[in-house]
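Below is one structure; the comments refer to it alone.
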Amino acid sequence: MKGIDDAALLERARRGDEDAFSELFSRHQRAVFRYAVYMCGADAADDVVQDTFMNVLLKSGRYDASKGAVISYILGTARHLMLRRLSRSNSIPMAEFTEDLNAEGSVERETPLDDFARQETIEVVRAAVQSLPPAHREVIILCELEEMDYAEAANVMQCPVGTVRSRLNRARSLLSRKLTQK
């Protein structure tokens, strides 16, 4: 399954191929989880991942390859679920992050003090990102953390590329101010 592209995996999964669904899930669940953690908090992230992939699997015919990559479609589905969740709650909770979010690559640690300082910096940045307004937090997550280009982020956010650029510029400015105040 490793050599099959995402669109083919999605189509096979929708026809009942469990291996294709498992491969699609393993390729993209971490990105959806990270996005959900930053947008709605760690408590909701697992639910968002599960609901997202169930929606993607059950809503056949909604993916359009001409509009972007499968990951954009998946994150767009997650976005709709999170917006519904956020609109139901009056406040946006501060997420508690786990080490699992940093499991992608191991970082050599020189000393326990270096490790503590690095972890403290990570927590300050996470708190600053978490404190951004949702629209600005979302664009930072997609463009900076998920490393999407403007067009992909615009596809997920369902807005023009210019809106992504202006929100990202504003979000970076807000984030910079928050981090210099710390």
Side-chain angles (χ1 to χ4, degrees), residues 6 10 24-25 27-57 59 62-98 100-104 121-182:
D6 288 345
L10 177 60
L24 191 66
F25 183 83
R27 285 182 188 182
H28 301 297
Q29 66 92 16
R30 285 181 54 95
V32 174
F33 182 80
R34 281 190 308 264
Y35 183 43
V37 165
Y38 278 104
M39 290 304 295
C40 352
D43 293 341
D46 285 329
D47 290 340
V48 170
V49 170
Q50 180 179 346
D51 293 346
T52 297
F53 280 94
M54 290 309 296
N55 267 314
V56 166
L57 185 63
K59 306 270 181 165
R62 301 261 175 123
Y63 171 66
D64 181 0
S66 68
K67 291 185 178 180
V70 171
I71 185 60
S72 297
Y73 169 69
I74 292 171
L75 288 173
T77 301
R79 179 179 192 263
H80 288 290
L81 293 167
M82 287 184 285
L83 289 176
R84 250 187 276 153
R85 182 180 288 271
L86 289 172
S87 71
R88 280 184 267 166
S89 69
N90 292 338
S91 65
I92 300 168
M94 184 65 142
E96 292 190 22
F97 298 92
T98 63
D100 293 349
L101 295 176
N102 298 322
E104 217 166 277
T121 302
I122 289 169
E123 292 303 320
V124 167
V125 172
R126 284 181 177 156
V129 169
Q130 201 58 39
S131 71
L132 292 173
H136 294 101
R137 182 176 357 141
E138 180 178 39
V139 76
I140 287 286
I141 293 165
L142 294 175
C143 293
E144 300 295 341
L145 301 177
E146 294 300 325
E147 299 178 352
M148 288 186 162
D149 63 30
Y150 295 145
E152 290 173 320
N155 189 28
V156 170
M157 295 168 55
Q158 297 180 337
C159 66
V161 172
T163 302
V164 171
R165 285 188 176 121
S166 65
R167 282 186 190 168
L168 185 59
N169 185 41
R170 177 75 176 137
R172 285 175 176 156
S173 175
L174 288 170
L175 195 56
S176 177
R177 256 187 266 134
K178 288 178 182 291
L179 291 172
T180 57
Q181 292 174 0
K182 301 286 176 191

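Worth knowing before you read on, the calculation uses all heavy atoms, side chains too, and leaves out hydrogens, waters and symmetry mates.
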Of all residues at least two apart in sequence or in a different chain, which pass the side chain to side chain donor-acceptor pair (under 3.5 Å) check with [X]?
| X | value |
| --- | --- |
| Arg167 | none |
| Ser166 | none |
| Glu146 | Arg34 |
| Gln29 | none |

Shortest non-hydrogen separation from [X] to [Y] and the atoms involved:
| X | Y | answer |
| --- | --- | --- |
| Gly68 | Tyr63 | O-OH, 3.0 Å |
| Ser72 | Val156 | O-CG2, 3.4 Å |
| Ile71 | Ala31 | CD1-CB, 4.3 Å |
| Lys178 | Ala128 | CD-O, 3.8 Å |
| Glu152 | Met148 | OE1-CA, 3.4 Å |
| Ala153 | Cys143 | CB-SG, 3.8 Å |

Atom [atom1] in [X], atom [atom2] in [Y]: separation rounded to 0.5 Å?
| X | Y | atom1 | atom2 | answer |
| --- | --- | --- | --- | --- |
| Leu24 | Leu57 | CG | CG | 9.0 Å |
| Arg137 | Leu145 | CZ | CG | 12.0 Å |
| Phe33 | Thr52 | CZ | OG1 | 12.0 Å |
| Met157 | Leu83 | CE | CG | 10.0 Å |
| His28 | Phe53 | NE2 | CZ | 7.0 Å |
| Arg170 | Leu175 | CZ | CG | 12.0 Å |

Identified side chain to side chain contact (heavy atoms under 4.5 Å, CB included) partner of [X] from the options [options]:
| X | options | value |
| --- | --- | --- |
| Cys40 | Asp47, Leu81, Val48 | Val48 |
| His136 | Leu174, Ile141, Asn169 | Leu174 |
| Cys159 | Val161, Asn155, Thr163 | Thr163 |

Who pairs with Glu144 by side-chain contact (heavy atoms from CB on, under 4.5 Å), at least two apart in sequence or on another chain?
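Glu144: side-chain contact (heavy atoms from CB on, under 4.5 Å) contacts with Ile140, Leu168, Arg172.
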
Do you see a donor-acceptor pair shorter than 3.5 Å between the side chains of Glu138 and Tyr38?
no

With sequence neighbours excluded, residues passing salt bridge (Lys or Arg N to Asp or Glu O under 4.0 Å) with Arg27
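Counting only residues at least two positions away or on another chain, Arg27 forms a salt bridge (Lys or Arg N to Asp or Glu O under 4.0 Å) with Asp6, Glu23.
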
Mind checking whether Arg79 and Tyr35 have side chains closer than 4.5 Å, heavy atoms only?
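When only atoms from C-beta onward are counted, Tyr35 and Arg79 do touch, with a gap below 4.5 Å.
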
